[in-house]
Amino acid sequence: MLLLILLADSAHADSFWKVGSFTKATATGSQTVAHGLGATPKAMIFWTRSKTNSTFSANFSFHLSFTDGTNSYSLGAAGLDNTNVTLNEARSLYAKLWRIIDDSRNELAAATFTSWDATNVVMNWTVNTANADVIHYIAMGGSDITAKAQNWSFRTSTGNQSVTGTGFKPDVVLIFHQGPDSDSNLPSDSTDSSVIGMGVMDGSGDQWAYSSYMEDGGGGGTSQSQLTNACLVATDLTPGYDKKASFVSMDTDGFTINYSTANGIQGQVVSLALKGLNVLPGSFNKSTAAATATQTVTGIGFTPKVMLFASFQDTTQASATTGSKLGFGASDGSTHGAFA
């Protein structure tokens, strides 16, 4: 099963969307990237495998970040292949535009947001490696769009949680986390597990959520889950759920979700709320025809300007399962960028 979110249509004439890629600078200092949007962004989402090419390789690394031009957040996960030792998995969630880590939580590269305009986005690398990693992005802008990036904490018991401070009633909210932990604020990181959680919800209650958990080789394991009846999920090694929450409402200054499952551990969550666009979070089953195969997905109701995809690369499951896989990508119809 694949999950997708489709954003914007011709009803919002003053909204602009661009998917693109660039190579990370190989030294500290300022890097200017031409985003190709044709307007000053209201928000950008970035992701990378921390590789310089598209070949397959061992080990695991996934880093995603986003910014509204004022607030920036970066989450990273890394792990070693075929290693039965402790401290070979790591995760990191920081209030930075970029923080790229290795499996021991060493900071390989870090960058802060500097500025953007209708042509470029500028970032400053305070720590860097000599690897010219390929970084993908979605840029969005135009007078129709309003964006707010925020940090908040998991609820530690079942029931409703209202997140405030967006300054507007969102049309859609993207949610990212790295599982519950003891951190009461950012930064949040660990050297014994590699965790990725993401979800989305719109004002009509359309939603999906993904979570994967890898614990290091000193007695750990893996778990994953992909749901279409929740906007937030965090798995444990049972495999089961530490957290599971679904959409309740979009509010004048934020949003409300409801936890049907919640352990007593807090932990940090980051989100990107957007207003001024048509949106449809949905799901479909990947074609099983032999490659190369064309697949048509219908029922969207509008012509999208950008599509964001995610998948745990397996058939639909009713509950959390063992394993840990992730496919993530985007397209604006002409330019694409993907990770697996």
Side-chain angles (χ1 to χ4, degrees), residues 1-7 9 19 21 45 47-49 51 53-62 64 77 79 81-82 134 136 138 172 174-176 194-202 204-214 221-235 238-241 244 246 279-340:
M1 179 174 68
L2 294 175
L3 304 174
L4 77 160
I5 177 174
L6 304 111
L7 301 171
D9 71 351
V19 173
S21 304
I45 303 171
W47 66 98
T48 183
R49 164 61 180 87
K51 282 178 60 66
N53 54 56
S54 298
T55 60
F56 290 100
S57 63
N59 303 325
F60 173 81
S61 175
F62 178 67
L64 181 144
D81 174 58
N82 196 29
V134 177
H136 307 295
I138 299 174
V172 63
L174 285 76
I175 298 170
F176 304 94
S194 178
V195 184
I196 299 171
M198 63 180 71
V200 64
M201 59 184 181
D202 69 6
S204 299
D206 303 301
Q207 58 190 331
W208 58 253
Y210 163 92
S211 176
S212 76
Y213 183 1
M214 292 175 284
T222 63
S223 67
Q224 63 180 5
S225 181
Q226 182 168 281
L227 302 172
T228 57
N229 61 353
C231 59
L232 182 154
V233 64
T235 57
T238 307
Y241 299 122
K244 182 181 177 183
S246 58
V279 61
L280 180 64
S283 64
F284 64 96
N285 291 326
K286 180 188 69 67
S287 170
T288 58
T292 302
T294 297
Q295 181 174 12
T296 301
V297 178
T298 60
I300 295 166
F302 57 86
T303 301
K305 290 185 177 179
V306 70
M307 298 169 289
L308 174 66
F309 298 88
S311 177
F312 73 169
Q313 302 183 48
D314 205 343
T315 56
T316 301
Q317 306 287 334
S319 59
T321 64
T322 57
S324 186
K325 294 179 286 186
L326 170 61
F328 185 86
S331 174
D332 61 13
S334 60
T335 307
H336 329 284
F339 156 93

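Given the structure is predicted, the values throughout are model-derived calculations rather than measurements. Numbers here are sequence positions counted from 1.
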Report yes or no: does S324 contribute a side-chain atom to a donor-acceptor pair with the main-chain N or O of T222 at less than 3.5 Å?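 Side chain of S324 to backbone of T222, a donor-acceptor pair under 3.5 Å: no, none is there.
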
State whether the side chain of D206 and the backbone N or O of G282 hold a donor-acceptor pair below 3.5 Å, judged by distance alone.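 Looks like no, no N/O pair under 3.5 Å.
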
Do the non-hydrogen side-chain atoms of [X] and [Y] ever get within less than 4.5 Å of each other?
X: S283; Y: W208; result: no
X: P239; Y: T322; result: yes
X: Q295; Y: N285; result: no
X: M307; Y: S331; result: yes
X: Q224; Y: T321; result: yes
X: L64; Y: I196; result: no
X: L308; Y: V200; result: no

Please round to the nearest 0.5 Å and tell me the distance separating atom [atom1] of [X] and atom [atom2] of [Y].
X: T298; Y: F284; atom1: OG1; atom2: CZ; result: 11.0 Å
X: R49; Y: H136; atom1: CZ; atom2: NE2; result: 11.5 Å
X: M198; Y: F176; atom1: CE; atom2: CZ; result: 6.0 Å
X: T235; Y: Q226; atom1: OG1; atom2: CD; result: 12.0 Å
X: F328; Y: Y210; atom1: CZ; atom2: OH; result: 11.0 Å
X: L232; Y: L227; atom1: CG; atom2: CG; result: 10.5 Å

Provide the closest heavy-atom pair for I138 versus V19 in the form atom of the first, atom of the second, distance.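 That would be CG1-CG2, 4.1 Å.
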
Assess whether side-chain hydrogen bond (donor to acceptor under 3.5 Å, both in side chains) is satisfied between T55 and N53, documenting all intermediate values. CA-CA 6 Å; T55 60; N53 54 56; 2.6 Å; yes

Stepwise side chain to side chain contact (heavy atoms under 4.5 Å, CB included) test for S225 and V233: CA-CA 8 Å; S225 181; V233 64; 4.3 Å; yes

Under the side-chain contact (heavy atoms from CB on, under 4.5 Å) rule, collect the residues that match up with Q313, sequence neighbours excluded. S311, K325, A340

